[in-house]
Protein chains: 2
Amino acid sequence: MRTVNSEKAMSDVEQKCADRGIKLTRRRKEVLRTLVLAESAMSAYEIAERCNVGSDDPMPAMSVYRILDFLRDQQFVHRLETANKYISCSHLSCGHDHAQSQFLICNECRKVEEIDFSSEAFSVMEKAASAAGFSSISPQLEVRGLCDSCETS
Amino acid sequence: MRTVNSEKAMSDVEQKCADRGIKLTRRRKEVLRTLVLAESAMSAYEIAERCNVGSDDPMPAMSVYRILDFLRDQQFVHRLETANKYISCSHLSCGHDHAQSQFLICNECRKVEEIDFSSEAFSVMEKAASAAGFSSISPQLEVRGLCDSCETS
DNA sequence: CTATGTAAGATATAATGTATCTTTTACGAT
DNA sequence: ATCGTAAAAGATACATTATATCTTACATAG
């Protein structure tokens with residue numbers, strides 16, 4: 001699924017960067033493409049390693065961190081706080097913004113799905129938060145669980 | 001608030017350990033008490049440091065990790081995955097189990113509130129998860145936000 | 001062609017966590 | 001009482017993740 005649209009995603013991102021007046025450099029492309037092609041979330045060091053397979057111009061891990069910061073600022077990738085891993089945004093080819101991002105993470109196979117919780121679910125959460133003295137909550141949520149295939153096996 | 005009931009919490013935990021046939025050793029008590037008295041979540045190393053204030057029998061950080069594992073197994077403390085910190089369960093003196101635990105974490109002052117989301121909110125989330133191919137989700141949730149006092153200031 | 005600013009590289013170090021092995025302690029059986 | 005065993009604690013080494021700082025490369029505007 002991811003691979004099929006990966007080229008479209010890359011060129012859409014390129015367009016967005018042009019629109020925003022920022023540069024999608026060769027290094028940044030390398031990191032982003034690695035994440036777009038990945039089947040699962042990756043750590044910064046895993047990304048560096050994979051970039052270096054069959055390349056004679058090694059990608060330093062430190063650069064990966066900086067590039068991830070950039071890509072996160074642009075909302076092209078997300079950081080999974082509960083896993084210390086990074087994943088490409090599943091809406092790279094959409095036109096609208098995605099400040100919101102909710103993730104389902106399989107505890108078994110580490111598969112990650114980015115989903116949109118209903119505004120209903122969110123407002124219920126906000127109500128509970130407000131009762132506990134929290135006036136605003138972040139829309140980024142990471143929910144651990146078991147995916148269907150890991151559940152049945 | 002926390003300090004007022006800290007002694008009761010400690011003795012309640014001691015009772016629970018007796019019931020379960022496990023030992024609440026001196027070291028384990030030190031760590032748990034430190035967390036019970038803490039105003040906020042603490043990292044393993046912060047716990048070790050605080051244990052060592054005014055003590056001539058230093059608590060090694062590695063022991064803290066092992067003891068935290070034990071305390072988490074017994075559900076006396078929780079680990080905040082998004083913060084790499086630990087916090088004592090707010091239900092130490094309750095009789096029932098607390099597999100569920102939802103946390104509100106202030107991004108500004110790091111205050112943590114353990115709350116109970118309504119089963120309604122949870123079932124809405126479960127529905128969304130199920131639609132995305134996740135058959136079961138963990139009830140531990142960490143929601144980042146701003147507490148009232150940080151919001152207004 | 002130089003000055004300037006952004007990106008990338010190199011290096012050092014901090015913070016967090018895991019693995020493994022040894023020593024100590026608790027405690028029941030002899 | 002003391003001996004043996006298992007659990008707990010301690011010591012050590014190292015892996016992983018991340019940040020900070022300084023330098024170098026390079027494109028581009030003046």
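Chain naming here is simple, since letters A, B, ... match the order of the sequence lines and numbering starts at 1 in each. Everything numeric in this text was worked out from a predicted model, so none of it was measured.
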K.L.:
As a test of reading the structure: which of D:dT17, D:dT19, C:dG17 is closest to the side chain of A:Met62, going by heavy atoms?
P.N.:
D:dT19
K.L.:
What is the separation between atom CD1 on B:Ile67 and atom P on D:dA8, rounded to the nearest whole Å?
P.N.:
10 Å
K.L.:
So, is A:Ser43 close to the D:dT16 phosphate, meaning a side-chain N or O under 4.0 Å from OP1 or OP2?
P.N.:
no
K.L.:
Figure out the CD/P separation between A:Glu46 and D:dA15, and round it to whole Å.
P.N.:
16 Å
K.L.:
B:Asp57 has an atom CG; how far is it from atom P of C:dT24, in whole Å?
P.N.:
13 Å
K.L.:
Rounded to the nearest Å, what distance is computed from the OH atom of residue A:Tyr65 to the C1' atom of nucleotide C:dA15?
P.N.:
11 Å
K.L.:
From C:dA8, C:dG17, D:dA9, pick the nucleotide closest to the side chain of B:Arg79?
P.N.:
C:dG17
K.L.:
Hey, is B:Arg26 close enough to B:Asp57 for a salt bridge, meaning N to O under 4.0 Å?
P.N.:
yes
K.L.:
Look at all strands and tell whether A:Phe70 reaches a base, only sugar-phosphate, or nothing, counting heavy atoms closer than 4.0 Å.
P.N.:
nothing
K.L.:
For the salt bridge (Lys or Arg N to Asp or Glu O under 4.0 Å) test, which of B:Lys29, B:Lys8, B:Arg33 pairs with B:Glu14?
P.N.:
B:Lys29
K.L.:
The side chain of B:Ser63 is closest to which nucleotide in this list: D:dA8, D:dG10, D:dA18?
P.N.:
D:dG10
K.L.:
Let me know the distance between OH of A:Tyr45 and C1' of C:dT16, rounded to the nearest Å.
P.N.:
13 Å
K.L.:
Check whether any side-chain N or O of B:Asn84 sits under 4.0 Å from OP1 or OP2 of C:dA15, and answer yes or no.
P.N.:
no
K.L.:
Report yes or no: is the cationic atom of B:Arg28 (NZ for Lys, CZ for Arg) closer than 6.0 Å to the six-membered ring centre of B:Phe70, at no more than 45° off its axis?
P.N.:
yes
K.L.:
Out of C:dA10, C:dG17, D:dA18, which nucleotide sits closest to the side chain of A:Tyr86?
P.N.:
D:dA18
K.L.:
Any idea which of C:dG17, D:dG10, D:dA18 is nearest the B:Arg66 side chain?
P.N.:
D:dG10
K.L.:
With rounding to the nearest 0.5 Å, note down the distance linking CD in B:Glu108 to SG in B:Cys147.
P.N.:
8.5 Å
K.L.:
Could you please name the option among C:dT18, C:dA8, D:dT17 that lies closest to any side-chain atom of A:Arg27?
P.N.:
C:dA8
